Asker: 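Structure below; questions to follow.
As the structure is a prediction and not an experimental result, all values here were calculated from the model.
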Amino acid sequence: MSACSIYDLICDIKDPEFPNTLQDLGVVSEEKVSVSNNIVTVYFKPTIPHCSLATMIGLCIQTKLHRELDSSYKIDVLIEPGSHEQEGSVNKQINDKERRAAALEDPNLSALVEECLAVPDY
């Protein structure tokens with residue numbers, strides 16, 4: 001799996017707040033995706049340093065990649081260093097398997113993730 005292929009999987013994820021994709025808003029870019037020895041790393045940049053939905057964006061990216069890639073891949077989704085006030089906390093939340101599972105058990109959060117991951121109407 002190439003970085004370009006990974007980027008193609010996530011670029012059309014809808015932003016949870018705006019009617020745009022993460023690609024449209026510059027939240028994700030192909031240059032910030034890497035694949036090495038079955039480790040996929042995606043850095044994303046929230047639109048503002050105090051974005052309250054950064055964790056949700058990371059959860060959407062994680063969920064999409066876990067659905068699309070087989071279990072041999074380790075997936076790290078991280079905020080681009082210096083681009084968010086709560087970078088460490090958000091990174092910890094979105095890369096913790098138990099926290100992700102708990103978040104997706106919440107019907108409201110799960111519905112929002114599904115809305116963000118819905119196939120776009122072109």
Side-chain angles (χ1 to χ4, degrees):
M1 183 72 63
S2 70
C4 180
S5 299
I6 298 295
Y7 177 72
D8 287 345
L9 292 173
I10 64 172
C11 67
D12 286 335
I13 294 173
K14 295 176 193 166
D15 185 85
E17 185 175 16
F18 301 108
N20 305 86
T21 66
L22 299 183
Q23 176 185 24
D24 293 339
L25 295 170
V27 173
V28 295
S29 65
E30 188 174 341
E31 297 77 29
K32 301 294 182 183
V33 177
S34 65
V35 181
S36 178
N37 299 321
N38 281 16
I39 299 172
V40 174
T41 305
V42 175
Y43 284 95
F44 71 98
K45 183 177 181 180
T47 54
I48 53 175
H50 55 276
C51 177
S52 62
L53 294 173
T55 304
M56 177 57 64
I57 292 169
L59 180 62
C60 290
I61 295 169
Q62 276 275 7
T63 301
K64 177 71 174 189
L65 293 177
H66 278 284
R67 287 180 182 176
E68 298 291 334
L69 302 176
D70 68 55
S71 61
S72 69
Y73 287 93
K74 179 183 184 308
I75 301 166
D76 292 322
V77 176
L78 304 160
I79 289 186
E80 189 174 313
S83 67
H84 194 275
E85 294 171 349
Q86 301 294 321
E87 177 185 330
S89 173
V90 173
N91 285 343
K92 186 175 180 178
Q93 287 183 311
I94 60 180
N95 289 292
D96 183 287
K97 184 178 179 179
E98 288 77 24
R99 289 183 188 199
R100 284 195 319 271
L104 292 172
E105 287 178 7
D106 179 297
N108 294 323
L109 292 179
S110 182
L112 183 54
V113 167
E114 293 306 323
E115 184 179 320
C116 292
L117 298 183
V119 176
D121 299 325
Y122 289 117

Asker: Quick check: closest heavy atoms across K74 and D76, and the distance to 0.1 Å?
Answerer: NZ-OD1, 2.5 Å

Asker: Show the numbers, then the answer: is there a side chain to side chain contact (heavy atoms under 4.5 Å, CB included) between V113 and L117?
Answerer: CA-CA 6 Å; V113 167; L117 298 183; 3.8 Å; yes

Asker: I'd like to know if V90 and I48 are part of one continuous hydrophobic network [Ile/Leu/Val/Met/Phe/Trp/Tyr, side-chain heavy atoms within less than 4.5 Å].
Answerer: no

Asker: Using a 6.0 Å cut-off, check whether atom OH of Y43 has over 12 heavy atoms from anything other than its own residue.
Answerer: no

Asker: Which heavy atom of I94 sits nearest to which heavy atom of Q62, and what is that distance?
Answerer: O-NE2, 3.2 Å

Asker: Taking the side chain as everything from C-beta on, heavy atoms only, tell me whether T21 gets closer than 4.5 Å to D15.
Answerer: no

Asker: If you compare all heavy atoms of N38 against all heavy atoms of S72, which two are closest, and at what distance to 0.1 Å?
Answerer: ND2-OG, 3.3 Å

Asker: Does a side chain donor of either D8 or S5 reach within less than 3.5 Å of an acceptor in the other side chain?
Answerer: no

Asker: Given 3.5 Å as the limit, does a donor-acceptor pair link the side chain of N37 with the main chain of I39, or not?
Answerer: no

Asker: Does K92 pair with E98 as a salt bridge, N-O distance under 4.0 Å?
Answerer: no

Asker: Let me confirm one number: the CG-CD distance from L112 to E17, rounded to the nearest 0.5 Å.
Answerer: 10.5 Å

Asker: Taking atom NZ of K14 and atom CG of D24, what is their separation to the nearest 0.5 Å?
Answerer: 12.0 Å

Asker: Would you say that more than 12 heavy atoms from the other residues, nucleotides or ligands in this model lie under 6.0 Å from the CD of E115, or not?
Answerer: no

Asker: Would you call L22 and D12 a side-chain contact if the rule is heavy atoms closer than 4.5 Å?
Answerer: no

Asker: Distance alone, cut at 3.5 Å: any donor-acceptor contact between the side chains of Y7 and E31?
Answerer: no

Asker: Side chain to side chain contact (heavy atoms under 4.5 Å, CB included) between L59 and L104: does it pass, once the steps are laid out?
Answerer: CA-CA 9 Å; L59 180 62; L104 292 172; 4.1 Å; yes

Asker: Working to the nearest 0.5 Å, report the span between OG of S110 and CD of E114.
Answerer: 5.5 Å

Asker: CE/M56 to CD1/I61 distance, rounded to the nearest 0.5 angstrom?
Answerer: 12.0 Å

Asker: Would you confirm whether N95, through its side chain, and V77, through its main-chain N or O, come within 3.5 Å as a donor-acceptor pair?
Answerer: yes

Asker: Given side chains that start at C-beta, do those of F44 and K32 come closer than 4.5 Å, heavy atoms only?
Answerer: no

Asker: Quick check on the hydrophobic clustering: are V42 and L78 connected, directly or via other members, by side-chain heavy-atom contacts under 4.5 Å?
Answerer: no

Asker: Looking at every non-hydrogen atom in both residues, tell me the closest pair between P46 and H84 and how far apart they are.
Answerer: CG-CD2, 3.9 Å

Asker: Distance check, rounded to the nearest 0.5 Å: L9 atom CG versus R67 atom CZ?
Answerer: 12.5 Å

Asker: Nearest heavy-atom pair of S83 and K45: which atoms, and what distance?
Answerer: CB-CG, 3.7 Å

Asker: How far does OG1 of T55 sit from CZ of R99, to the nearest 0.5 angstrom?
Answerer: 9.5 Å

Asker: What I'd like to find out is whether the side chain of T47 reaches to under 4.5 Å of the side chain of F18, using heavy atoms alone.
Answerer: yes

Asker: If you take all heavy atoms of V35 and V40, which pair is closest and at what distance?
Answerer: CG2-CG2, 4.2 Å

